[in-house]
Student: 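Here's a structure for you.
Chain identifiers are assigned alphabetically (A, B, ...) following the order of the sequence lines, protein sequences preceding nucleic acid strands; residue numbering begins at 1 within each chain.
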Amino acid sequence: MNDDSTNAWRMPSAPRGGSVRLSGRFWPTLRDAPADAEAVSHKLMVRAGLIRQLASGLYSFLPFGLRSLQRVTAIIREEMDRIGAQELQLPIMQPAEIWEATGRYGLDEQFRLEDRGGRAMVLGMTHEEIITWHAAREIRSYRDLPQSWYQFQTKLRDEPRPKSGILRVREFTMKDSYSMDTDEAGLARSYDAHAAAYARIFDRCGIVWYMVESDVGMMGGMGAHEFMAPSPAGEDTIARSPSGAYAANIELATSIAVEPEFGPIPDTPQAFDTPGIGTIEQLSAFTGLAPVRLCKSVVVVSDDGPVMALIRGEHTLHEKKLSHVIGRHRPAQPDEIRGWFGASPGSLGPVGVEGVRIVADTTIATGHYVTGANRDGEHLRGVVLGRDFVAEVADIRNVLPGEGCPVSGEPLDLEPVIEIGNIFKLGTKYSVPLGATYLSADGHEQPIIMGSYGIGPARVLAAAIEQRHDEAGIIWPKALAPFDIHMVLVGDATSPQAAFADQLFDQLSDAGFEVLLDDRPGTKPGEKFVEAELLGCPIRVTIGKRTLPDGPLEVQVRSGRERHEVPLEGAAAAIVELWGQLP
RNA sequence: CGGGACGUGGCGCAGCCUGGUAGCGCACCGGCUUUGGGUGCCGGGGGUCGCCGGUUCGAAUCCGGCCGUCCCGACCA
């Protein structure tokens, strides 16, 4: 991104918290992280006095943490406004009947309650229903479109398992926006505008991110992308080619799998004894064939009965991909399997199976494989799809690292990531059931074509910390730090250096910086330094007895902890310049 | 929902196995000391040992139930 707001420092247009003298302020830091904190961002945010936990998945933002959160939201707001979206605010508590209209009432994650009159209410986990309800009442004509509306609002989700501090919580603020267009071309424009805004937002936040293809689920297949920040703490995985030609959530990633040397195809499957062989590893060792030459038969139970899924030996079954083919399903129990196939799970195969749906991975469609014979201790070699059995063919395998990129052929990398944003082409999923229609130019009533777009500001902070920290603490990107400059005063309030620090504090503040001046009396210098590094503001300035009367002034850049010495004369200007040079 | 672990002062932990009336470090308060990398010394305050019940003369400790929190997996519009 060449946006000058990324690198050059300038007075932000959004209001910010201003400079602060630390003495008397509320900033509780911790020497040790709580024992139940696991993720780096969780530990550091608690230790650095940014957040505190109230209960599982419920966190309070403390003053300094709130400052960073407000910096993220200010950036998001600027970029949403820039693409012409309008901010509004929708209720958190909502009548259940609106959710009944879209079939989303009663989801496991939904918090439900009743008002005193016994009316069923929900706490909003997202706001598609509500925005569409309003659109249905206010949008009448194609002349009213397109629209993009957004808000920052609390979402409540009864997560089965909150975790990793602020990364997976039950209550959080989301920036959610919704686009309304007359047709798919308009949706594509709104979608692209959001994608571009998101790129600017995450660039300005100074984090590493990818835009990846994501699963549309049952949304109608109109397209969706996720914005992912690479981090070991991430809960999602993406497959990505090194050049960036292709990037997709593992849930829908495809690959060019290895093509093995099959050798001559036998005329007919040949049975052979495999006593005690029940796993791919054992079968590979026993036959001397690599796992790519073997076929795994995995049995699941769908709503319509048992299904046999076939994948190659080196792969694992991707249950989400399979569910796109057969719908909801669960793993079969061993005794169920013996009842249907007459053999144990380790000896199953597709040949001779009748009355059971068979889904084969695309890799199985070529070549011939070793499969189970549906008799314990016996396998078949030379099994060919189409000749020896019939099956539906679909991509149902997990992508493996190193497999070919479907676009460029490069070896794919698999990377854990934190989802920080997503964009969805909803189409008419909500506008039809809620009756959100407009009258077209030729007088026909048409459903509004919608998109929805989310960002989790707190996740952006956590991702930044996951990506940028060292053993001493956080290394904030310039745009997200609670303060730009952290001044450490060594000396008491009556010392000459205190007077000098006051003067510099005012100069830097007047120059547009947000400055934290650590003027706490009776706090040891070492403690101030340690806490400054824990908090991680981009620049630290130390004023002590060494500073006066002739300088130099010590300025430390948090990233890399390199020290600069600047003359007292024109110190503020020198710091402004140093700031401009920081990435 | 399945598996695992933990719950003792604000934070980190010991004590539990082998029951006898609670301890350490940090933090906090007072004093002296120190003043450029969590200073040193002295003296203090603070804990129904998650909750309920049981066993026992006596329970932080043993037994049962419940609650809470974290981790792995499942789930995730």
Side-chain angles (χ1 to χ4, degrees), chain A residues 28-39 42-43 46-47 49 52-59 99 102-111 122 124-130 132 155-165 167-170 174 176 214-220 224 226 233 235-236 249 251 300 319-320 323 328-331 419 422 424 426 429-430 433 452 454 456 472-473 487-495 497-498 501 518 520-534 540-548 552-554 556 561 563 565:
Chain A
T29 60
L30 252 33
R31 188 182 292 232
D32 300 305
D36 51 19
E38 189 76 14
H42 185 194
K43 291 179 182 171
V46 173
R47 286 188 55 211
R52 286 293 184 267
Q53 183 177 32
L54 173 67
S56 180
L58 299 173
Y59 283 84
W99 289 77
T102 58
R104 296 211 295 176
Y105 182 65
L107 295 173
D108 285 345
E109 290 183 15
Q110 191 167 51
F111 281 106
V122 304
M125 44 200 298
T126 179
H127 282 81
E128 277 86 4
E129 276 79 357
I130 308 307
T132 309
K155 312 293 182 194
L156 293 130
R157 301 181 185 183
D158 198 359
E159 286 285 346
R161 190 180 153 209
K163 59 178 288 199
S164 303
L167 281 176
R168 188 168 199 75
V169 289
R170 296 193 290 179
M174 179 185 271
D176 49 320
S214 72
D215 193 1
V216 292
M218 301 294 137
M219 292 274 199
E226 289 164 324
E235 295 184 272
D236 290 308
N249 193 309
E251 290 177 354
V300 300
E319 297 189 7
K320 197 146 192 167
S323 70
R328 214 164 46 142
H329 62 275
R330 61 165 175 87
E419 181 186 351
N422 57 45
F424 260 101
L426 298 175
K429 180 179 167 75
Y430 297 92
S452 81
M487 293 177 61
V488 172
L489 169 63
V490 183
D492 63 41
T494 60
S495 62
Q497 56 265 37
D518 190 350
R520 290 173 296 178
T523 302
K524 293 290 151 289
E527 192 172 345
K528 291 186 177 184
F529 292 132
V530 168
E531 291 190 342
E533 272 155 17
L534 179 59
R540 190 186 84 201
V541 178
T542 306
I543 299 101
K545 64 179 192 300
R546 289 182 202 162
T547 313
L548 298 175
L553 185 67
E554 184 195 308
Q556 179 176 297
R561 289 196 259 188
R563 296 186 182 200
E565 294 187 338

Student: When we call it a touch if two heavy atoms are under 4.0 Å apart, what does A/Ser164 touch: a base, just sugar-phosphate, or nothing?
Tutor: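 Since only primed, P, OP1 and OP2 atoms lie under 4.0 Å of A/Ser164, the category is sugar-phosphate.
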Student: Under 4.0 Å from OP1 or OP2 of B/C70: is there any side-chain N or O of A/Gln53 that close?
Tutor: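 Looking at the OP1 and OP2 atoms of B/C70, one of them is under 4.0 Å from a side-chain N or O of A/Gln53.
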Student: B/C1 P sits how many Å from A/Arg330 CZ, rounded?
Tutor: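 Interatomic distance, CZ of A/Arg330 to P of B/C1: 19 Å.
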Student: Without decimals, in angstroms, what is the distance between A/Lys524 NZ and B/C41 P?
Tutor: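 Whole-Å distance recorded here is 15 Å.
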Student: Which one is paired to B/C24, where only Watson-Crick or G-U wobble pairs with both distances under 3.5 angstrom count?
Tutor: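 Partner of B/C24: B/G12.
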Student: Can you name the atoms? Protein N/O to nucleotides 7-13 of chain B N/O, anything below 3.5 Å, with the distance.
Tutor:
residue, atom, partner, partner atom, Å
B/C11, O2', A/Asp32, O, 3.2
B/G12, OP1, A/Ala35, N, 2.5

Student: Please give the nucleotide sitting opposite B/A60 as a Watson-Crick or G-U wobble pair, both distances under 3.5 Å, or none.
Tutor: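 Looking at the geometry, B/A60 pairs with no nucleotide.
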Student: Within the 4.0 Å heavy-atom criterion, would you say A/Ser56 contacts the bases, only the backbone, or no part of the nucleic acid?
Tutor: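 The residue A/Ser56 makes sugar-phosphate contact but no base contact.
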Student: Expressed in whole Å, how much space separates the P atoms belonging to B/G45 and B/U8?
Tutor: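 Those two atoms are separated by 23 Å.
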Student: Let me know the distance between CG of A/Leu548 and C1' of B/U35, rounded to the nearest Å.
Tutor: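 One finds 15 Å between C1' of B/U35 and CG of A/Leu548, rounded.
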Student: Using the C1' atom on both, measure B/C11 against B/U61 and round to a whole Å.
Tutor: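 It comes out at 24 Å once rounded to the nearest Å.
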Student: When rounded to the nearest Å, what value does the distance between C1' atoms of B/G38 and B/A27 take?
Tutor: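 One C1' to the other, the span is 11 Å.
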Student: What is the distance, to the nearest angstrom, from the CD atom on A/Glu527 to the C1' atom on B/U35?
Tutor: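 Atom CD in A/Glu527 sits about 13 Å away from atom C1' in B/U35.
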Student: Using both distances under 3.5 Å as the test, list the Watson-Crick or G-U wobble partner of B/G68, or none.
Tutor: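 Its partner is B/C6.
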Student: Under the side-chain contact (heavy atoms from CB on, under 4.5 Å) test, which residues partner A/Pro433, sequence neighbours left out?
Tutor: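 Listed in chain order: A/Thr102.
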Student: Within a strict 4.5 Å, meaning less than it, do heavy atoms of the A/Glu128 and A/Arg104 side chains meet?
Tutor: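 Contact flag for A/Glu128/A/Arg104 side chains = yes.
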Student: Taking pairing as Watson-Crick or G-U wobble with both contacts under 3.5 Å, can you name the mate of B/G43, or confirm there isn't one?
Tutor: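 In the structure as shown, B/G43 has B/C29 as its Watson-Crick or wobble partner.
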Student: B/G37 P sits how many Å from A/Arg520 CZ, rounded?
Tutor: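 Answer to the nearest Å: 16 Å.
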Student: A/Asp32: what forms a side-chain contact (heavy atoms from CB on, under 4.5 Å) with it, not counting sequence neighbours?
Tutor: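 In terms of side-chain contact (heavy atoms from CB on, under 4.5 Å), with neighbours along the sequence ignored, A/Asp32 is linked to no residue.
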Student: Quote, to the nearest angstrom, the C1' distance that separates B/G7 from B/U48.
Tutor: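 My reading of the C1' atoms in B/G7 and B/U48 gives 15 Å.
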Student: The criterion is side-chain contact (heavy atoms from CB on, under 4.5 Å); which residues satisfy it with A/Asp176, sequence neighbours excluded?
Tutor: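 In terms of side-chain contact (heavy atoms from CB on, under 4.5 Å), with neighbours along the sequence ignored, A/Asp176 is linked to A/His127, A/Gln151, A/Lys155, A/Met174, A/Tyr178.
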Student: For B/C76 and B/G4, measure between their P atoms and round to the nearest Å.
Tutor: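 After rounding to an integer number of Å, I get 24 Å for this pair.
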Student: So, is A/Lys528 near the phosphate of B/U35, with a side-chain N or O under 4.0 Å from OP1 or OP2?
Tutor: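 For B/U35, OP1/OP2 do not have a side-chain N/O of A/Lys528 under 4.0 Å.
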Student: Starting the side chain at C-beta, find the nucleotide from B/U35, B/A74, B/G38 nearest to A/Pro525.
Tutor: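 For the A/Pro525 side chain, the nearest candidate turns out to be B/U35.
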Student: Please state the C1' separation for the pair B/G10 and B/C28 - nearest whole angstrom.
Tutor: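 That atom pair is separated by 9 Å.
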Student: Any donor-acceptor pair under 3.5 Å between the side chain of A/Arg563 and the base of B/G37?
Tutor: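 Result: at least one qualifying N/O pair found.
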Student: Please check this pair: side chain of A/Arg52 against backbone of A/Val46, looking for a donor-acceptor N/O pair closer than 3.5 Å.
Tutor: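 Checked: pair present.
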Student: Expressed as a whole number of Å, how far does the P atom of B/G9 sit from that of B/A60?
Tutor: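 Per the computed distance, 14 Å lies between those P atoms.
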Student: Base, sugar-phosphate, or nothing: which does A/Gln110 touch, judged by heavy atoms less than 4.0 Å apart?
Tutor: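 Since no nucleic acid heavy atom lies under 4.0 Å of A/Gln110, the category is nothing.
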Student: Counting only N and O atoms by type, is there a donor-acceptor contact under 3.5 Å from the side chain of A/Gln497 to the main-chain atoms of A/Leu548?
Tutor: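 Looks like no, no N/O pair under 3.5 Å.
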Student: Quick one: list whatever passes salt bridge (charged side-chain N to carboxylate O under 4.0 Å, His left out) with A/Glu226, sequence neighbours left out.
Tutor: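 Applying salt bridge (charged side-chain N to carboxylate O under 4.0 Å, His left out) to A/Glu226 gives none.
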Student: So what's B/G73 paired with, Watson-Crick or G-U wobble, going by both distances under 3.5 Å?
Tutor: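 Across any shown strand, B/G73 pairs with B/C1.
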Student: Mind calculating the distance between CG (A/Leu167) and C1' (B/C71) to the nearest angstrom?
Tutor: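 From A/Leu167 CG to B/C71 C1': 15 Å.
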Student: Can a donor-acceptor pair under 3.5 Å be found between the side-chain atoms of A/Glu533 and the base atoms of B/G37?
Tutor: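 Answer yes: a donor N or O sits under 3.5 Å from an acceptor.
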Student: Just how far is it from atom OG1 of A/Thr542 to atom CG of A/Leu553, taken to the nearest 0.5 Å?
Tutor: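 Taking OG1 in A/Thr542 and CG in A/Leu553, the distance rounds to 7.5 Å.
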Student: Is there a side-chain polar atom (N or O) of A/Thr523 under 4.0 Å from OP1 or OP2 of B/G38?
Tutor: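 The answer is no; no side-chain N or O of A/Thr523 sits under 4.0 Å from OP1 or OP2.
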Student: Check every strand shown and say whether A/Arg540 touches a base, only sugar-phosphate, or nothing at a heavy-atom separation below 4.0 Å.
Tutor: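 Base: the residue A/Arg540, judged by heavy atoms under 4.0 Å, touches a nucleobase.
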Student: Can you tell me which residue pairs pass the salt bridge (charged side-chain N to carboxylate O under 4.0 Å, His left out) test with a partner in residues 522-533 of chain A, sequence neighbours excluded?
Tutor: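 Every salt bridge (charged side-chain N to carboxylate O under 4.0 Å, His left out) pair that includes a residue of residues 522-533 of chain A, provided the two are not neighbours, is A/Asp518-A/Lys528, A/Arg520-A/Glu531, A/Glu533-A/Arg540, A/Glu533-A/Arg561.
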Student: Categorize A/Pro162 for me: base, sugar-phosphate, or nothing, with a 4.0 angstrom heavy-atom threshold over every strand shown.
Tutor: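 The answer is sugar-phosphate, as A/Pro162 gets under 4.0 Å only of primed atoms, P, OP1 or OP2.
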Student: Can you measure A/Lys163 atom NZ to B/C72 atom P for me and round it to whole angstrom units?
Tutor: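 That distance rounds to 4 Å.
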Student: Looking at every non-hydrogen atom in both residues, tell me the closest pair between A/Pro162 and A/Arg170 and how far apart they are.
Tutor: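 Here A/Pro162 and A/Arg170 meet closest at CG-CG, 3.8 Å.
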Student: NA contact type, A/Gln556, heavy-atom cut-off 4.0 Å: base, sugar-phosphate, or nothing?
Tutor: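 Base contact - A/Gln556 has a heavy atom under 4.0 Å of at least one base atom.
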Student: Can you check the A/Arg161 CZ to B/G68 C1' distance for me, whole Å?
Tutor: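 Roughly 16 Å, once rounded to whole Å.
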Student: Taking for each residue the nucleotide of RNA chain B with the nearest heavy atom, is it A/Glu159 or A/Gly491 whose nucleotide lies nearer the 5' end?
Tutor: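 On the 5' side of the pair lies A/Gly491.
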Student: Take atom C1' in B/C62 and the same atom in B/G20, then report the distance between them in whole Å.
Tutor: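 One C1' to the other, the span is 14 Å.
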Student: When you match A/Arg561 and A/Glu38 each to their closest nucleotide on RNA chain B, which lands nearer the 5' end?
Tutor: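 It is A/Arg561, whose closest nucleotide lies nearer the 5' terminus.
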